[in-house]
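Heads up: the structure comes next, in structure tokens.
Within every chain, numbering begins at 1; the chains are lettered A, B, ... in the order of the sequence lines, protein sequences first and strands thereafter. The analysis underlying the following values was restricted to heavy atoms, covering all of them including side chains, and did not include hydrogens, waters or symmetry mates.
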Amino acid sequence: MFVILTRYSSTTCETDMTHRAKYNPQAIESKWQARWEQDELYRSKVDWSKPKYYALTMLPYPSGDLHIGHWFAMTPSDARARYMRMQGFNVMFPMGFDAFGLPAENAAVQRGIHPAKWTHANMERMRKQLRSMGAMFDWEREAASCEPEYYKWTQWFFKKFYESGLAYRSEALVNWSPTLQTVLANEQVIDGKDERTGQPVIQKMLTQWFFRMTKYADELLSYVNVDWPEPIRMMQANWIGRSEGARVIFRTEVGDHPIEIFTTRPDTLWGATFMVLAPEHPLVEQIVPAEHKESVQAYVEKAARQTELERTADDRDKTGVFTGAYAINPVNGERIPIWIADYVLITYGTGAIMAVPAHDERDFAFARQYGLEIRPVIRPDDAGDDFCVNAAYSGAGHMINSGRFDGTFANGEKGRKNGAISAVIDWISGQGYGREAINYRLRDWLISRQRYWGAPIPMVYRADGTVEPVADQDLPAQLPADVVMTGVGNPLANHEGFVNTTDSNGQPARRETDTMDTFMCSSWYWFRYLSPRKSDAAFDAEEAAYWLPVDVYTGGAEHATMHLLYARFFTKSMRDLGMFEETADIMQAHGRSPQALFDEPFMLLRNQGQILGEEREGHYIRAHGQWDSNTKLFADQVNVIDKEEALMVDPVALSHITGEFASVAEEQMSGTVMGEIVKRTENILTVRDSKGELKTVEVRTGAEINIPDVPGTNTVNQLKHHLEIQRMSKSKGNVVNPDEWVNKAGADTVRAYLMFGFDWTKGGPWDSQGIEGPARWLRDVWDIVTAGAPATASGNPDAERALERRVHQTIYKVSLDMENFSFNTAVAALMTLKNDLRAALREPGKIGAAAWTQAVKTMLLLMAPITPHLAEELWERVGGAYSIHQQAFPAYDAAKAADDMTTLIVMKNGKPVDRVDVAAGISEADAIAAAMATHGAQRALNGGTPKRVIFVPGRNEGQKSEPKVNIVV
RNA sequence: GCCGAAGUGGUGUAAUGGCAGCCACGAUUGACUCAAAAUCAAUUGCCCUGACGGGCGUGUGGGUUCGACUCCCACCUUCGGCACCA
């Protein structure tokens, strides 16, 4: 018999029967997972006699396979939830699926699988994978947003928002593909073209549903009673972008159309030398005289082909077009030209600005570009001749060229804090030219999606054009199952059976065919976890009264401004609509004050970073097929080729060399794309060729795929792309498969590695070699514990005391680190304890059985949240009572952790020059005397006297540190 | 471009303003082995030195401080977000 033992072999070495069993993670993990499930160890039930802890981690999108990023987010969160449980809390740690979304539709269009089928299959698969983590998820509380029992309530929330005036209809731009007659997601648009067809995409106005989120802008700026990371709060504050200023009405010279503008600088009104409208501004059509129609039209169309990001990039040259119309500046009656430019956005402010080139950088650049007047109206006191000639000036100064306000001091600040602004606002208000106003960068939340796989917006349009919500008893407005997903048009709008309905009077009516943004589904899911099966309410008030609010929320920082802001808005709206009244009553009945508990959804927020793909070669390909457009190829054959070959500039020349084509003509007719795969969604590849151009390759069903390294018939899914370290995602094909690692090394090892190998807030690239450290740690722990207690009852008292000291120092460190989400240092401390324990055991007789048992049991309890299966197994073997996860976390004893001796650091000007062993807690005088006696100090002083001597006392409790004496010479 | 964050040995990382590099990975040497793997022991920031020892060192340049990876200013690079990916 020939047995190959790999590093991760789970095979016990049977030839060596004298050895005890090796660590076999697979066996113990499945055993304990089954036992825990059978015993309902992680069922979280309301128990008013115990303090509760609602630990929440962001729910995954069911994209297919669980990837290592999910483990990175969830297993440390699980470890901390387990830690809180051992600290005496009744912990709820639920899980679910954010199951509506675009990838399901991609799969449907590209592979002909129904989105529901694809999603359900993925959820089933991911549930199994999630169970393999050994996390304390309470699966009885699972919720999936695509189920009618869930989205019924998403629709109900929409209705309540609509009825209270929080939801309304208005126009907004969408990415419109004229070819597909479809609205595209930003992600589907590459370089202004549809990624699937390579055809141009335009910006089109559509009437859509919005939530009045700006109503909460001010409240969203404050974070009362919550512990959220400062960077997240700052990003949200900047996203909301509150600015104080004024709205001022300019009028057109011809036709007298009012143009409302918002400005933060009303003190510069006299410096407005032109106006600019956004290309989409509704007045554009009305004010442009006939002779300018053509040029304006051309400009507006050009702007419609660009994204907002492209339009607002400051480094790009400003573009614009004169409308031929003029406006009258209300403050001085001046006639100023009206321009259209894409740097003014219809989504910000009023979509129109007064341009003050002397005091605004963007206006300055624009005026320079088109030779428009630049007139300074704020003069800095130290102004030179070149003032406002080379750059816009936005600082303090006195007003000039401003009529009655000449000489007024503007201190350069924004809002009422600036006396000049304050005075001008008061004056224009009195004159009726404008009024004080606050503007937010935050826009109302556009929730309409022209998609199939989402929760239908439960509204009905009557024959007379009025709109009404679907009656409560008719909810949910259910998605029809029988749709054909072609990627052309909107399947819901084309589905007669869905569209045609009746209104509340039984008259024929049409359904709204927009579905809701998936962020809507994820804005209330933690309420659904309270009672996921409840059919007569969104959530159960009894459960809510006990569990709410969420005590800790963990997830990626990439959600800083969108999901986390939507979630806060949703909770505040629910509070104001009275949805927590019953919950509050029940709280009070149990003596719990509901005060301020429904203002914010998540009390404590912590963000992890992202696990990046491991560095490796990606695939360069040569695809043969037929051109569909200049940039899109339908491929019948895809070959993985060498990088060098792919980077050869001319595929036509190459075809001659390789003799693959009889003639250039034939090659051009059939078509070849060569280059690196930079993106993949289902069977669509984006390839960067040797010239750096992006080409789209759609691999036809049944196409021949050749990957030299992979034997057998190859599939599109085996094509990898984009080498180098980068964000892991299914569409990038660089996913590290956790199942593979669980099979190789065990779930506990994967958990330990993810907690140990990274700064959790930062993340980083997966390293399949680095996991060896935690793997060894667990094997060592296994070996130490299964070796059993020493034969001697008691050992050397000093050695046992030293071990006890190390154990208590570790208790302190691990508790603090788990509390603070510092998982890597918690594991490091446990590894150190293992090393110390093993070193102490090396000399026979040093450690007795009692001390050994005490140390080992404590170590296992400390490890339990991190490696739940291993800890449970070994706990049983040392005679601990089932389950280790129901034990109390070890308590830290400062006296037991205290050191007798410590090292005094002697420094010269802050640099260490010597060290000496002294008693812990040494006095200042003794420390200085001891320091001065050292060699290092004598050499540093060189016979002289120090200028100063600074003593820094050490700490012998908690986070320890050594005493220091710094000699300043 | 705007907003936010991060830059520390070959690598992942650690360090309430107080010994920079804990804990690991990798590497080198040795033990065990016919050999390899595993395991064990030792070394491992860089430079000079036979050694003792010395110099330099936390992205770059300034500053504050008895003392700076840590605080402040400027710059460079990388990552996340920018409203229809989730």
Side-chain angles (χ1 to χ4, degrees), chain A residues 4-7 9 13 58 60-61 63 98 100-103 106 172 174-175 183-189 229-232 234-239 241 308-316 347 441-443 445-451 517-519 522 556-563 565-566 607 609-610 612 681 725-727 729 731 753 756-759 761-765 767 769-774 776-777 779 783 822 824-825 827-832 835 903 905-907 909-913 915 946-950 952 954-955 958-959 961-964 966-969:
Chain A
I4 298 167
L5 292 177
T6 69
R7 280 171 162 185
S9 172
C13 190
M58 289 179 187
Y61 176 78
S63 56
D98 185 18
F100 276 135
L102 189 63
N106 283 338
V174 294
N175 300 310
V183 177
L184 298 174
N186 288 342
E187 200 194 43
Q188 296 173 300
V189 181
E230 181 60 26
I232 299 285
M234 204 179 292
M235 279 190 267
Q236 292 201 343
N238 290 328
W239 182 267
E308 204 165 282
L309 205 60
E310 287 163 355
R311 284 171 49 170
T312 51
D314 267 1
D315 54 343
R316 150 181 179 276
T347 50
R441 207 187 71 97
L442 180 72
R443 315 206 285 250
W445 179 8
L446 196 176
I447 59 143
S448 279
R449 297 291 181 270
Q450 293 70 39
R451 300 267 166 71
D517 180 2
T518 57
F519 276 126
S522 58
E558 69 272 17
H559 292 292
T561 47
M562 301 188 68
H563 164 62
L565 211 47
Y566 294 139
N607 303 109
Q610 283 180 335
L612 306 172
T681 53
I725 301 171
Q726 61 158 279
R727 196 173 158 185
S729 73
S731 70
Y753 170 58
F756 172 72
F758 307 85
D759 171 349
T761 58
K762 212 170 113 192
D767 176 6
Q769 209 141 247
I771 195 172
E772 187 56 24
R776 281 188 193 126
W777 171 44
R779 285 200 293 264
D783 290 345
S822 183
N824 55 346
T825 50
V827 174
L830 285 164
M831 285 177 170
T832 309
N835 291 342
T903 306
I905 315 294
V906 185
M907 296 177 171
N909 294 337
K911 281 192 161 187
V913 290
R915 35 190 70 75
K947 277 192 208 153
R948 254 177 101 177
V949 176
I950 288 156
V952 183
R955 271 191 318 270
Q959 199 82 10
S961 75
E962 299 75 10
K964 281 123 201 148
N966 190 17
I967 301 162
V968 185
V969 294

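Looking at A:Val827 and A:Tyr753, their side chains never come closer than 4.5 Å, going by heavy atoms from C-beta outward. In this structure the side chain of A:Thr518 never reaches within 4.5 angstrom of the side chain of A:Tyr61, judged on heavy atoms. A:Gln450 is listed as a side-chain neighbour of A:Val174, based on a closest heavy-atom distance under 4.5 Å.
Comparing B:G81, B:A20, B:A5 against the side chain of A:Pro912 picks out B:A20 as the nearest. Closest approach to the A:Pro774 side chain among B:A24, B:A86, B:C84 is made by B:A24 (side chain taken as heavy atoms from C-beta onward). Of the candidates B:C66, B:C84, B:A24, the closest approach to any side-chain atom of A:Ala185 belongs to B:C84. Side-chain proximity of A:Asn238 to B:A24, B:C3, B:C25: nearest is B:C3. With B:A24, B:A15, B:A86 as the choices, the nucleotide that has an atom nearest any side-chain atom of A:Asn835 turns out to be B:A24.
The shortest distance between the side-chain N/O atoms of A:Thr832 and the OP1/OP2 oxygens of B:C23 is not below 4.0 Å. Taking side-chain N and O atoms only, A:Lys947 has no distance below 4.0 Å to OP1 or OP2 of B:C66. Dashed line: the shortest gap from a side-chain N or O of A:Arg779 to OP1 or OP2 of B:U39 is under 4.0 Å. The side chain of A:Asn966 contributes no N or O atom lying less than 4.0 Å from OP1 or OP2 of B:U65. Remark: A:Arg776 is in phosphate contact with B:G26, judged by side-chain N or O atoms under 4.0 Å from OP1 or OP2. Taking only side-chain nitrogens and oxygens, A:Arg915 never comes nearer than 4.0 Å to OP1 or OP2 of B:C19. Within the 4.0 Å cut-off from OP1 or OP2 of B:A83, not a single side-chain nitrogen or oxygen of A:Arg443 is found.
In this pair, A:Phe519 and A:Tyr566 present their aromatic rings tilted. The plane angle is within the 30 to 60° band.
The partner of B:A31 is B:U39, by the rule that a Watson-Crick or G-U pair needs both atom distances under 3.5 Å. Base-pair partner of B:U58: not found among the strands shown (Watson-Crick or G-U wobble, both distances under 3.5 Å). Across all strands shown, B:G26 forms a Watson-Crick or G-U wobble pair with B:U44, both key distances being under 3.5 Å. Base pairing analysis places B:C79 opposite B:G4; the two distances defining the Watson-Crick or G-U wobble pair are each below 3.5 Å. Shown here, B:U64 forms no base pair; nothing in the strands shown gives a Watson-Crick or G-U wobble contact with both key distances under 3.5 Å. In this structure B:C69 sits in no base pair that meets the Watson-Crick or G-U test at under 3.5 Å. Within the shown strands, nothing qualifies as a pairing partner of B:C19 under the Watson-Crick or G-U definition with both distances less than 3.5 Å. Across all strands shown, B:A86 forms no Watson-Crick or G-U wobble pair with both distances under 3.5 Å.
In this structure, CG of A:Asn824 is placed 10 Å from C1' of B:G12, rounded to the nearest angstrom. When rounded to the nearest whole Å, the span between NE2 of A:His559 and C1' of B:C84 equals 15 Å. Look at CE on A:Met562: it is 4 Å from C1' on B:A83, rounded to the nearest Å. Taking atom OH on A:Tyr61 and atom P on B:C85, their separation rounds to 12 Å, with Å as the unit. Atom pair A:Tyr753:OH and B:C25:C1' shows a separation of 9 Å (rounding to whole Å applied). What separates CD of A:Glu187 from C1' of B:C85 is a distance of 4 Å, to the nearest Å. Atom pair A:Glu962:CD and B:A15:P shows a separation of 15 Å (rounding to whole Å applied). Residue A:Asp759 contributes atom CG, which lies 19 Å from atom P of B:A24 at whole-angstrom precision.
Using modelled atom types, one finds no donor on one side chain facing an acceptor on the other under 3.5 Å when comparing A:Asp759 with A:Asn824.
Within 4.0 Å of A:Val827, counting heavy atoms only, lies no atom of the nucleic acid at all. At a threshold of 4.0 angstrom between heavy atoms, the contacts of A:Leu102 are confined to the sugar-phosphate backbone, with no base atom among them. Nucleic acid contact for A:Thr761: none, since no nucleic acid atom lies under 4.0 Å from a heavy atom of the residue. A:Val174 comes within contact range of at least one nucleobase, with a heavy-atom separation under 4.0 Å. Among the atoms of the strands shown, base atoms are found under 4.0 Å from some heavy atom of A:Leu442. Within the 4.0 angstrom heavy-atom criterion, base atoms lie near A:Trp239. Among the heavy atoms of the strands, none lies under 4.0 Å from A:Gly556. Backbone-only contact: A:Met234 has heavy atoms under 4.0 Å from sugar-phosphate atoms and none from a base.
The residue among A:Gly757 and A:Asn186 whose nearest nucleotide of RNA chain B is located toward the 5' end is A:Gly757. Mapped onto RNA chain B by nearest heavy atom, A:Thr903 and A:Leu446 fall at different nucleotides, with A:Thr903 at the one closer to the 5' end.
A donor-acceptor pair under 3.5 Å links the side-chain atoms of A:Asn175 to the main chain of A:Leu184, judged by distance alone. In this structure, the side chain of A:Asn966 engages the main chain of A:Asn909 through a donor-acceptor pair within 3.5 Å.
Rounded to a whole angstrom, the distance from the P atom of B:C79 to that of B:C73 is 25 Å. Separation of the C1' atoms belonging to B:G53 and B:G18 is 26 Å when rounded to the nearest angstrom. Rounded to whole Å, the P atom of B:G63 lies 40 Å from the corresponding atom of B:C82. Rounded to a whole angstrom, the distance from the C1' atom of B:G54 to that of B:U65 is 27 Å.
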- Query: After noting the C-alpha distance and the side-chain angles of A:Leu830 and A:Trp777, does the key distance pass the side-chain contact (heavy atoms from CB on, under 4.5 Å) rule?
  - Reply: CA-CA 9 Å; A:Leu830 285 164; A:Trp777 171 44; 3.6 Å; yes
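Remark: the A:Gln450 side chain and the B:C84 base include a donor-acceptor N/O pair separated by less than 3.5 Å.
With rounding to the nearest 0.5 Å, the separation of CD1 in A:Ile905 from CD in A:Glu962 is 5.5 Å.
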